Amino acid sequence: MSTLIIWIGLSLVVSVVFVRRMHVVLAAVIVVRILVPGVVQNEIMPGLHPSTYLFLCFVLVQLAFAPSIFGRVIRSAGVWPQAILGGIAAVMMTDVGNPGSAGLLDTTMFVLGIVWAPYYVFVFMRYSLRSIPGAGIVFLVTFTLLALVEAALSQLQVATGRTIVWESDFSKITYLTGKLSELGSAIGTFGHGIQVGVFFAATIPLLSLIRSMLLRFTLAAVLLVTVPLAYGRMGLILTVIGFVFLVISGGRKVLRTVLFATVVSIALLASIQGIAGEKLLQKFEDDNGSAALRVAAFDWFWEHTGEFLVGGYPGSRDLKGEGTLGSSLENGYFMMALMFGILVVAAFFIFMVYLLLSQIDIKERESWPGVASAALITIAINGYSSIGGNSIDIHLFWFVLAMASYRSSRRNPRVKGDPSGDLLTRHLAPDDSPTFPPRRVLTR
């Protein structure tokens, strides 16, 4: 509890210091969510992930010290999206009366940490990207540096056979028991190789926002040669798809794009020829029954849909622990449906897809990377426990989707509904001149 009190105090201080630079605090939220594994959060502090506590403190400070801007941010989200999300959250909360429910406190923490907070991080990120000069660069640099940190850590983990970080906490995780003494694959700061691949896959499309083609493809090469170390088939496939997007969005310099893409592809093929690559390729040939477990989970889900079509499953949700299945449902949406019912999770998924599609601006190529990254994550959630395992996926979806509002040319934006340029006077230096046209900002 003392750790929680200290963290909340620090979060409040940071939020007050950067009250007029909300993008700095939001970048810190991203950093904390990536570097602190969700699987060990309860070992650190009770209830919520540290990044969620930081965001809640940020919201309180914004409401207290900048109420006018706070009001604009909330209005920018629109009435209907917030009403729909509120309805989804309310229906999820009714699970507390279910015999299989985790209880009022745990259900509240899940809805707050997985459904409510990540969405509003997206809302605040999108607002800052559209209204604060330089916010986009801060977020882009944050994602890039985090990816490089995870890549370097992954390389060290495989080279040393140690987790390097969170060793004592990871040792308490059931699925890692007996594996940490001879760590053979990269798990980054996440505790699982799949999440390493998912994070790389989500980051690579964002690299297309970097102007330097040399830097863009160099960073992509670092991530691509590292992802085989995680031994995750899905992570490798999604990362390659992200790289294909990066190549296609390369612009008019076709020859240079093809040249760089070829060099990076050769580097990837060379990395697959190593021991890590061989083990990964073996998983494609023989997955040790992994596919069979997923088929069994899929069959069980569809055979029992009538029991949790509306409302959560009335029995124990720990299907593996109860001996019902040889693994979990291995699908984030399925596991969430087991907790809250198929219909409400279907509504949540449609809500995510709707907002994803609404962020696409065909005329603005810089909106494409964020949307592409978010689309890859919606696919990844289907491939393993993800949401049910408190992984980064649902948070990362909203983080990268906000990047669809990134515009490199946006210097002095004007926000719809901003009286007399009040927001400009808060964020711009005296010698700045309003050169950004007041287009349809914050209308979606």
Side-chain angles (χ1 to χ4, degrees), residues 15-16 18-27 29-30 52 54-90 111-113 115-136 138-139 347-348 350-361 364 366-367 370-371 374 395 397-407 410-428 434 436-444:
S15 298
V16 170
F18 295 102
V19 66
R20 300 301 182 190
R21 295 177 177 83
M22 66 171 70
H23 58 295
V24 176
V25 184
L26 293 170
V29 170
I30 297 172
T52 305
L54 173 57
F55 178 66
L56 291 177
C57 291
F58 162 80
V59 170
L60 289 175
V61 169
Q62 287 291 317
L63 180 60
F65 291 88
S68 61
I69 295 179
F70 179 86
R72 291 191 205 106
V73 175
I74 299 302
R75 288 194 297 272
S76 75
V79 175
W80 282 110
Q82 295 180 87
I84 291 171
L85 186 72
I88 290 172
V111 172
L112 181 62
V115 178
W116 183 87
Y119 168 73
Y120 279 99
V121 172
F122 158 76
V123 171
F124 276 91
M125 280 185 66
R126 183 178 62 176
Y127 183 89
S128 63
L129 280 161
R130 294 175 171 181
S131 61
I132 303 176
V138 169
F139 291 133
F348 184 55
I350 293 171
F351 177 74
M352 291 169 61
V353 172
Y354 166 75
L355 281 175
L356 185 152
L357 295 176
S358 71
Q359 302 309 301
I360 301 175
D361 189 337
E364 288 285 357
E366 287 178 314
S367 72
V371 173
H395 301 82
F397 171 84
W398 294 113
F399 294 164
V400 298
L401 185 60
M403 292 298 288
S405 294
Y406 178 96
R407 301 291 184 271
R410 181 175 292 156
R411 292 183 61 254
N412 303 317
R414 193 170 172 113
V415 180
K416 181 180 179 181
D418 191 29
S420 304
D422 176 64
L423 189 64
L424 292 178
T425 62
R426 294 180 183 273
H427 292 298
L428 299 184
F436 183 79
R439 300 183 300 176
R440 51 189 184 87
V441 178
L442 294 178
T443 57
R444 287 187 275 193

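Note that this is a predicted model, so its numbers are computed, not measured. Residue numbers run from 1 in the order of the sequence given.
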Can you measure from [atom1] ([X]) to [atom2] ([Y]) and round to the nearest 0.5 angstrom?
| X | Y | atom1 | atom2 | value |
| --- | --- | --- | --- | --- |
| Gln359 | Tyr354 | CD | OH | 9.0 Å |
| Trp116 | Thr52 | CH2 | OG1 | 9.5 Å |
| Leu357 | Ile350 | CG | CD1 | 11.5 Å |
| Leu401 | Met352 | CG | CE | 9.0 Å |
| Met22 | Ser15 | CE | OG | 11.0 Å |
| Arg75 | Tyr127 | CZ | OH | 8.5 Å |

Checklist entry - Mind checking whether Tyr119 and Trp398 have parallel, tilted or perpendicular rings, split at 30° and 60°? => result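 Plane angle over 60°, so perpendicular.
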
Distance-minimising heavy-atom pair for [X] and [Y]:
| X | Y | value |
| --- | --- | --- |
| Ala135 | Ser128 | CB-O, 3.5 Å |
| Arg126 | Ala77 | NH2-CA, 3.6 Å |
| Phe397 | Leu356 | CE1-CD1, 3.8 Å |
| Glu366 | Tyr406 | CB-O, 3.5 Å |

Item to check | Chi angles and distances behind the side-chain contact (heavy atoms from CB on, under 4.5 Å) call for Val371, Met403 | outcome: CA-CA 8 Å; Val371 173; Met403 292 298 288; over 6 Å; no

Checklist entry - Going by distance alone, is a donor N or O of one side chain under 3.5 Å from an acceptor N or O of the other, for Arg130 and Ser405? => result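 Yes, a side-chain donor-acceptor pair sits under 3.5 Å.
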
Item to check | Residues that Tyr120 engages under side-chain hydrogen bond (donor to acceptor under 3.5 Å, both in side chains), provided they are two or more places apart | outcome: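 Residues passing side-chain hydrogen bond (donor to acceptor under 3.5 Å, both in side chains) with Tyr120: Gln82.
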
Checklist entry - Do the side chains of Ile69 and Val73 get nearer than 4.5 Å, heavy atoms only? => result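 Answer yes - side chains close enough.
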
Checklist entry - Heavy atoms, side chains only, cut-off 4.5 Å: are Arg72 and Ser68 in contact? => result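 Yes; the side chains approach each other to less than 4.5 Å.
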
Side-chain donor-acceptor pairs of residues 54-66 under 3.5 Å, sequence neighbours excluded:
| from | atom 1 | to | atom 2 | distance (Å) |
| --- | --- | --- | --- | --- |
| Gln62 | NE2 | Val19 | O | 2.9 |

Next on the checklist: Tell me if a side-chain donor or acceptor on His395 pairs with a main-chain N or O of Gly113 at a distance below 3.5 Å.
Outcome noted: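 Answer holds: yes.
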
Item to check | Non-neighbouring partners of Ala27 that pass side chain to side chain contact (heavy atoms under 4.5 Å, CB included), sequence neighbours left out | outcome: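 With neighbours one apart ignored, the set is Val138, Phe139, Thr142.
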
